[in-house]
Engineer: 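Quick one: this structure, given as C-alpha cells, is what I'll be asking you about.
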Amino acid sequence: MTHLRSFLWLSLASALLQVAVYLMSVYPFNRISAESFFIAVIALGTPVIISAMILAAFRRHDSPIISALVVFGALFCAMVTVISAARTSISYQALVLCGCIGLFLACAANYRFHTLSGEKVRIMPFDGAPDLVARIPGAQILTPEELENSPAEINFDVLLIDEHSYKTAEGAEFISRMHVLGIDVLSYESFLERVVGRVNIEKFELFHIVYSPSQLLYARVKRYFDLAFVLVFSPFLILISALTAAYIFVRDPGPVLFVQIRRGYGNRPFRMYKFRTMFQGTSGGTTSTGDSRIIPGCGILRKLRIDEIPQCFNILTGEMSLIGPRPVAEYVAKSSIKAEPKYAYRCVVPPGITGWAQVTSGYASDLNEEIAKLSYDLFYIKRISVDMDIVILAKTVKTVLFGVGAK
C-alpha cells in the first residue's frame, strides 16, 4: 500500500507539472481563456489518472517501462484525437510537449512502483530464515500465531518461501490464502536476485533460463536497434571521432587506435577498437587518478567514454552490441574461466559497450572482482529485456554526465 500511495502521488504531481508547463508554454504568447485552460487540464490529467489506475492493477511484472509507455501513450493519443475531432481551440504544440513529459514521468513512476525496496516482507519459517532476515532490512519471520491468523489480520506485501521447505498441508493452505489476498508469494532466491541485481553464481545454471516470448523477440530484433542507433548518430560520432583522433595524434604522434583481442560472442575472440589514450610504449592495465601514462587531456575522453566510440564499428560488424556483458581480454577470460567455469556463460549473448555489471559494480581490478562481476552479467542474461536495456542506458548517461553510480 505504501508503494501504491507513492505511485498515485507521483502521478498527481506529473499531471500538475504538465499543466504548469502548458501554462508557461502558452501564456507568454496568448491569453488563455477559462474554457481552453479547462480543456487542457482535462487533456493532460485524464491520461495520467486512467493510466495510473490501469498500471497499479498490475503490480508485478518485468516490463514496467514498456507497459507505461504503451498505456499512457495510447490514452494520450486517444485524448488528443478526441480534442482535435471536436475542433477545440488549444495549443497542440504545448500539448505534445507536455505529453512527452508525462510519458517520461509515467515510465519513471511505474518503474519505481515495481521495485521491491521498502515493502513489508515476511518469511515462511525454514532453517535458513534467520540468515535471510539479516540480508533483507525490515524482513521478519512469520510466527506460528501469524500463520494461523485470519485473512483480515494480514499486514504485509511480500511472502518469501523456501521452495523446498514449505510443502506441508498447513504451509500450502497458508500460501494459497495469501495468493488469494493479493500477497506476492516469491521464492527468497528470486526476491534476493531482484533486490541486489545479481544471481547466486553457485546455484546458477544456464539451463534454468527460460525466456518469455517477449524476451525471445527482443533478443532477435536487438541487432536492428543497435544498427539504428549507430546509423542515426553516425554524423555526430564521426565528427567527435575525427576531432579526438586529431587531438591524440598531435599530442602523441602514432596510431590513434588501440586494438586488443577480446573474448566475444560464443567465446570467440575478436579485435576490439578504442581510441588510444595512453602514451606509446606504456603498459596497459588499471589506471589511477593522475596516472602519468595517460596523454594530457585524454582523461576527460576516458571519463566521458569517448574513447569507446570506435567500438561502434564492432557493432556494425556484428561483433558487439550497444548493451551486453563487457568483453574482456583473452588472458582475463582464460584465467577467469579457470577460476570459475561458469564465467564462460557470459558469452552466450553479444558483448556490449556498456552493461549491467558496468553500471552497478564498475570496473574490476583483480580476478576476484572479475568473478564477482559475473553475478551481474548472468543476472542481465537471465532477465534481458527492453526495460532492462533502457535502465542501463539511463544509468550509463547518469554516470558519464554526472559521475554518479558505478564507474
Side-chain angles (χ1 to χ4, degrees), residues 223 226-336 346-347 350-355 357-359 362-367 369-370 373 396-397 399-401 403 406-407:
R223 167 69 178 155
D226 291 334
L227 292 174
F229 174 87
V230 174
L231 294 176
V232 168
F233 289 97
S234 58
F236 174 75
L237 296 174
I238 291 172
L239 175 61
I240 296 297
S241 296
L243 294 174
T244 301
Y247 177 81
I248 293 173
F249 185 81
V250 168
R251 295 307 301 259
D252 186 37
V256 298
L257 291 179
F258 170 74
V259 184
Q260 187 179 46
I261 302 299
R262 298 280 180 110
R263 183 66 65 93
Y265 182 47
N267 280 290
R268 293 188 296 267
F270 73 101
R271 293 165 63 90
M272 194 194 78
Y273 303 95
K274 295 178 67 172
F275 280 120
R276 178 174 59 87
T277 56
M278 293 186 181
F279 287 107
Q280 292 191 82
T282 56
S283 60
T286 305
T287 60
S288 57
T289 303
D291 199 312
S292 60
R293 296 173 297 170
I294 298 177
I295 299 171
C298 286
I300 188 67
L301 300 181
R302 297 167 66 95
K303 182 178 180 181
L304 297 178
R305 306 298 194 270
I306 293 175
D307 61 326
E308 311 282 1
I309 289 179
Q311 287 156 46
C312 290
F313 177 76
N314 292 119
I315 291 178
L316 291 176
T317 59
E319 296 166 322
M320 290 183 64
S321 175
L322 182 63
I323 299 172
R326 186 70 181 152
V328 298
E330 270 290 289
Y331 71 90
V332 174
K334 290 178 180 179
S335 59
S336 298
R346 69 194 302 274
C347 292
I353 295 179
T354 185
Q358 269 56 49
V359 299
Y363 293 109
S365 58
D366 55 40
L367 180 61
E369 291 183 359
E370 191 65 43
K373 279 180 60 178
T396 301
V397 172
T399 299
V400 170
L401 296 183
K407 301 180 181 180

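Note that these values count all heavy atoms, side chains included, but never hydrogens, waters or copies made by symmetry. Keep in mind it's a predicted model, so treat the numbers as computed, not measured.
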Engineer: How close do Met272 and Pro327 get, heavy atom to heavy atom, and via which atoms?
Structural biologist: SD-CG, 3.8 Å
Engineer: Find out whether Ile261 and Phe270 are in side-chain contact, i.e. whether some heavy atom of one side chain is under 4.5 Å from a heavy atom of the other.
Structural biologist: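 Contact flag for Ile261/Phe270 side chains = no.
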Engineer: Determine whether Arg305 and Gln311 make a side-chain contact, defined as any pair of heavy atoms from C-beta on separated by less than 4.5 Å.
Structural biologist: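 The answer is no; the side chains never approach within 4.5 Å.
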Engineer: Quick check for you: to the nearest 0.5 Å, what is the distance between Asn267 atom CG and Arg346 atom CZ?
Structural biologist: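 Reported value, rounded in 0.5 Å steps: 9.5 Å.
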Engineer: Looking at every non-hydrogen atom in both residues, tell me the closest pair between Glu319 and Arg271 and how far apart they are.
Structural biologist: OE1-O, 4.1 Å
Engineer: Once rounded to the nearest 0.5 Å, what's the spacing between atom CZ of Phe229 and atom OG of Ser234?
Structural biologist: 10.5 Å
Engineer: Side chains of Arg276 and Ile248, heavy atoms from C-beta outward: is any pair under 4.5 Å?
Structural biologist: yes
Engineer: Any non-hydrogen side-chain atom of Pro296 less than 4.5 Å from a side-chain atom of Arg251?
Structural biologist: yes
Engineer: Got more than 12 heavy atoms from elsewhere within 6.0 Å of CZ, Phe313?
Structural biologist: no
Engineer: What distance do Ile295 atom CD1 and Tyr247 atom OH have between them, rounded to the nearest 0.5 Å?
Structural biologist: 8.0 Å
Engineer: Side chains of Thr277 and Asp307: is there a donor and an acceptor less than 3.5 Å apart?
Structural biologist: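 No.
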Engineer: Given side chains that start at C-beta, do those of Thr244 and Ile309 come closer than 4.5 Å, heavy atoms only?
Structural biologist: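 Contact flag for Thr244/Ile309 side chains = no.
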Engineer: Are Gln358 and Thr354 linked by a side-chain donor-acceptor pair shorter than 3.5 Å?
Structural biologist: no
Engineer: Verify the neighbour count for atom CZ of Arg223: are there more than 12 heavy atoms of other residues, nucleotides or ligands below 6.0 Å?
Structural biologist: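 Atom CZ in Arg223 is crowded, with more than 12 foreign heavy atoms closer than 6.0 Å.
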Engineer: So do Ile315 and Ile353 actually touch side chain to side chain, heavy atoms under 4.5 Å?
Structural biologist: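 The answer is yes; the side chains approach within 4.5 Å.
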Engineer: For the CZ atom of Phe233 and the CD1 atom of Ile240, what is their distance to the nearest 0.5 Å?
Structural biologist: 12.5 Å
Engineer: Does this structure show an ion pair linking Glu330 with Arg262, if we count only N-O contacts that are shorter than 4.0 Å?
Structural biologist: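 No, Glu330 and Arg262 are not salt-bridged.
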Engineer: Can you give me the closest heavy-atom contact between Gly355 and Ile323, atom names plus distance?
Structural biologist: CA-CG2, 4.4 Å
Engineer: I'd like to know whether Phe275 forms a side chain to side chain contact (heavy atoms under 4.5 Å, CB included) with Ser241, so could you lay out the CA-CA distance, the side-chain angles of the two residues, the decisive distance to 0.1 Å, and finally the verdict.
Structural biologist: CA-CA 9 Å; Phe275 280 120; Ser241 296; 3.7 Å; yes
Engineer: Is any side-chain heavy atom of Ser336 closer than 4.5 Å to a side-chain heavy atom of Val328?
Structural biologist: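 Answer no - side chains too far apart.
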Engineer: Do the non-hydrogen side-chain atoms of Gln280 and Pro255 ever get within less than 4.5 Å of each other?
Structural biologist: yes
Engineer: So how far is it from Ile294 CD1 to Ile300 CD1, rounded to the nearest 0.5 Å?
Structural biologist: 11.5 Å
Engineer: For Pro350 and Pro325, work out which heavy atoms get closest and say how close.
Structural biologist: O-CD, 3.8 Å
Engineer: May I ask you to decide whether Arg326 forms a salt bridge with Glu370, counting only side-chain N to carboxylate O separations under 4.0 Å?
Structural biologist: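 Between Glu370 and Arg326 there is no salt bridge, as every charged N stays at least 4.0 Å from the carboxylate O atoms.
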Engineer: Say you draw a straight line from NZ of Lys274 to CG of Asn314; how long is it, rounded to the nearest 0.5 Å?
Structural biologist: 11.5 Å
Engineer: Of all the heavy-atom pairs spanning Glu369 and Tyr363, show the shortest one and how long it is.
Structural biologist: OE1-O, 3.9 Å
Engineer: At their closest point, which heavy atom of Pro253 faces which heavy atom of Val250, and how far apart are they?
Structural biologist: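 Distance-wise, the nearest heavy atoms are CD-O, 4.2 Å.
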Engineer: Donor-acceptor pair, distance only, cut-off 3.5 Å: does the side chain of Asp252 make one with the backbone of Phe279?
Structural biologist: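 It does not hold such a pair.
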Engineer: Run the numbers on Met278 and Arg302 for side chain to side chain contact (heavy atoms under 4.5 Å, CB included), then give the verdict.
Structural biologist: CA-CA 10 Å; Met278 293 186 181; Arg302 297 167 66 95; 4.1 Å; yes
